[in-house]
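Written out below as structure tokens is the structure these notes cover.
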Amino acid sequence: MQPFDEKKPNKDRYTIGELAALYGIGADTIRYYEEKGLIVPVRGENGYRYYGLETIWRMNVIRNLRTLGFSVSHIGEYLKSRTMESTKALLWEELRSIDEKLGELLTLKETVREQLSIIESSAVIAADTVRELTLPPRRAYEIKKNYSHDEDMDLLMKALVEQNGGKIFIIGNNRLASVIDETSDVPRFKSAMLFDPNGDVVLPGGKYLSVCYRGRWNSHQYLRILFDYAQEHHLRLVPPFMDLVWVDIHTSADETEHVSEVQALAVEEQQ
């Protein structure tokens, strides 16, 4: 620690409390910067620790680089050997980081737009009406486990979201589905799915029958409606039979606003 001239004007020196207040941070942060060698205090004759004007420009650099997302260790390396070239390299590095963050924000923006669109569509979608959809092949993550309660589904959905890297939201998202166990005498599901381009399960493209309904889970009843429709139109339903979530407890506490969609691949019956 360097000696400090007590006769210099007070504006040339700052106590740790004054420095912390000047930058709106805690004294512990100042001590941490000192411990890492980013700033160097001087000792007055009274034994107190002071920070001179050199600390001010260093703190300005630290604040700017921390705002840009640089680590304390990275800032320390930069402060030890500053040149025009090293500064340019530092700023180019930050530009690349900003571009990555902008990409992530744009993706997040599109996700939020998609969520809003799904919620708005669910309010006007025709319920209790069978539709014929032409869908492309889709990939999904799947966890095979029997369940019949919302709480069980939530645990599986949490695991699926983590498989996706935690980059999707369950609010206003119709990419989550329960696979109906059509062999069970009681309402039950045998797996949970999350549609994702990187998923390891591939669902074939083609004609799908779909029916949306409102309120509590009632997928088995609506699956029977799809079977009846398929029989009338000489179609055969092919597993998996899926119940997709549009609006549920995560989006609305009002059960009358909940919307689900039962969906299954349909192929022409051989005459």
Side-chain angles (χ1 to χ4, degrees), residues 1-2 4 11-43 48-119 139 141 154-155 157-173 175-176 194-200 250-251:
M1 185 175 293
Q2 301 172 0
F4 191 84
K11 66 179 180 179
D12 290 345
R13 64 179 186 180
Y14 298 85
T15 65
I16 190 169
E18 290 170 337
L19 189 64
L22 187 63
Y23 287 93
I25 56 179
D28 286 345
T29 301
I30 300 294
R31 294 189 187 95
Y32 178 65
Y33 290 162
E34 180 183 335
E35 176 188 334
K36 295 299 180 181
L38 273 63
I39 57 176
V40 180
V42 292
R43 185 77 69 180
Y48 290 132
R49 179 189 283 106
Y50 292 104
Y51 299 88
L53 290 179
E54 181 183 358
T55 299
I56 300 301
W57 72 257
R58 282 178 170 267
M59 286 296 297
N60 288 341
V61 171
I62 293 167
R63 179 179 59 184
N64 287 346
L65 295 182
R66 290 294 285 163
T67 299
L68 291 174
F70 286 97
S71 68
V72 169
S73 60
H74 198 162
I75 295 170
E77 292 172 6
Y78 170 69
L79 288 173
K80 287 177 184 176
S81 55
R82 297 177 316 285
T83 65
M84 287 181 62
E85 286 304 314
S86 67
T87 299
K88 283 167 57 180
L90 190 79
L91 294 177
W92 276 116
E93 180 181 343
E94 185 53 29
L95 276 178
R96 289 190 292 270
S97 176
I98 290 171
D99 285 339
E100 290 178 5
K101 291 173 184 175
L102 284 175
E104 292 173 359
L105 285 173
L106 288 173
T107 300
L108 179 60
K109 182 179 180 179
E110 289 306 308
T111 298
V112 172
R113 285 189 186 279
E114 179 187 2
Q115 290 175 293
L116 283 170
S117 176
I118 290 167
I119 293 171
R139 302 186 74 92
Y141 292 111
D154 271 327
L155 287 172
M157 292 307 172
K158 177 179 181 295
L160 285 170
V161 169
E162 288 173 351
Q163 274 187 265
N164 180 264
K167 295 180 181 178
I168 74 156
F169 296 86
I170 57 177
I171 296 174
N173 191 317
R175 290 165 56 193
L176 298 170
L194 167 63
F195 295 105
D196 184 272
N198 298 313
D200 50 11
H250 303 100
T251 307

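In this text, all values refer to a predicted model and were calculated from it rather than measured experimentally. The figures here come from the full heavy-atom set of this structure, side chains too, leaving out hydrogens, waters and symmetry mates.
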Leu116 side, atom CG; Thr111 side, atom OG1 - distance, nearest 0.5 Å: 11.0 Å
Across all chains, not counting sequence neighbours, the side chain to side chain contact (heavy atoms under 4.5 Å, CB included) partners of Ser73 are Ser71
Do the side chains of Val42 and Thr55 get nearer than 4.5 Å, heavy atoms only? no
Please name all residues satisfying side-chain hydrogen bond (donor to acceptor under 3.5 Å, both in side chains) with Thr67, sequence neighbours left out, ordered by chain then number. none
So CG of Leu38 and OH of Tyr33: to nearest 0.5 Å the spacing works out to 7.5 Å
To the nearest 0.5 angstrom, please state how far the CD1 atom of Ile56 sits from the CD atom of Glu54. 11.0 Å
So which heavy atom on Arg58 is nearest to which on Gly37, and how close? NH1-O, 4.4 Å
Side-chain touch Gln115/Val112, heavy atoms, less than 4.5 angstrom: yes
Here the pair of heavy atoms bringing Ser81 nearest to Ser86 is O-OG, 3.3 Å
Over 12 foreign heavy atoms within 6.0 Å of NZ, Lys36: no
For Ala27 and Ala20 the tightest heavy-atom approach is N-CB, 4.0 Å
So, Ser117 side chain and Arg113 main chain: donor-acceptor pair closer than 3.5 Å or not? no
Taking the side chain as C-beta and beyond, is there a heavy-atom pair between Leu65 and Leu90 under 4.5 Å? yes
Applying side-chain hydrogen bond (donor to acceptor under 3.5 Å, both in side chains), name anything that partners Tyr32, two or more places apart in sequence or on another chain. none
Residues that Asp28 engages under side-chain hydrogen bond (donor to acceptor under 3.5 Å, both in side chains), provided they are two or more places apart: Arg31
If every non-hydrogen atom of Arg66 is compared with every non-hydrogen atom of Val72, which pair is closest and at what distance? NH1-N, 3.7 Å
For residues Ile16 and Tyr48, determine if any side-chain heavy atom of one lies less than 4.5 Å from a side-chain heavy atom of the other. no
side-chain hydrogen bond (donor to acceptor under 3.5 Å, both in side chains) filter on Asn60, not counting sequence neighbours, yields Tyr23
Minimal non-hydrogen separation, Leu79 against Ile62, with atom names: CD1-CG1, 4.2 Å
CG (Asp196) and CZ (Arg139) are apart, to the nearest 0.5 Å, by 9.5 Å
Thr15: partners by side chain to side chain contact (heavy atoms under 4.5 Å, CB included), with sequence neighbours left out: Glu18, Tyr50
Pair listing, salt bridge (charged side-chain N to carboxylate O under 4.0 Å, His left out) test, anchored in residues 68-95, at least two apart: Glu85-Lys88
Here the ring-ring contact (aromatic ring centres under 6.0 Å, His included) pairs for residues 73-111, sequence neighbours left out, are Phe70-His74
Give, for atom CD1 of Ile30 and atom CD1 of Ile39, the distance between the pair rounded to the nearest 0.5 Å. 5.0 Å
For Ala89, what residues pass the side chain to side chain contact (heavy atoms under 4.5 Å, CB included) criterion, not counting sequence neighbours? none
Could you tell me which residues satisfy side chain to side chain contact (heavy atoms under 4.5 Å, CB included) with Leu105, sequence neighbours excluded, listed by chain and number? none
Rounded to the nearest 0.5 Å, the OH atom of Tyr51 sits from the CE atom of Met59 at a distance of 9.5 Å
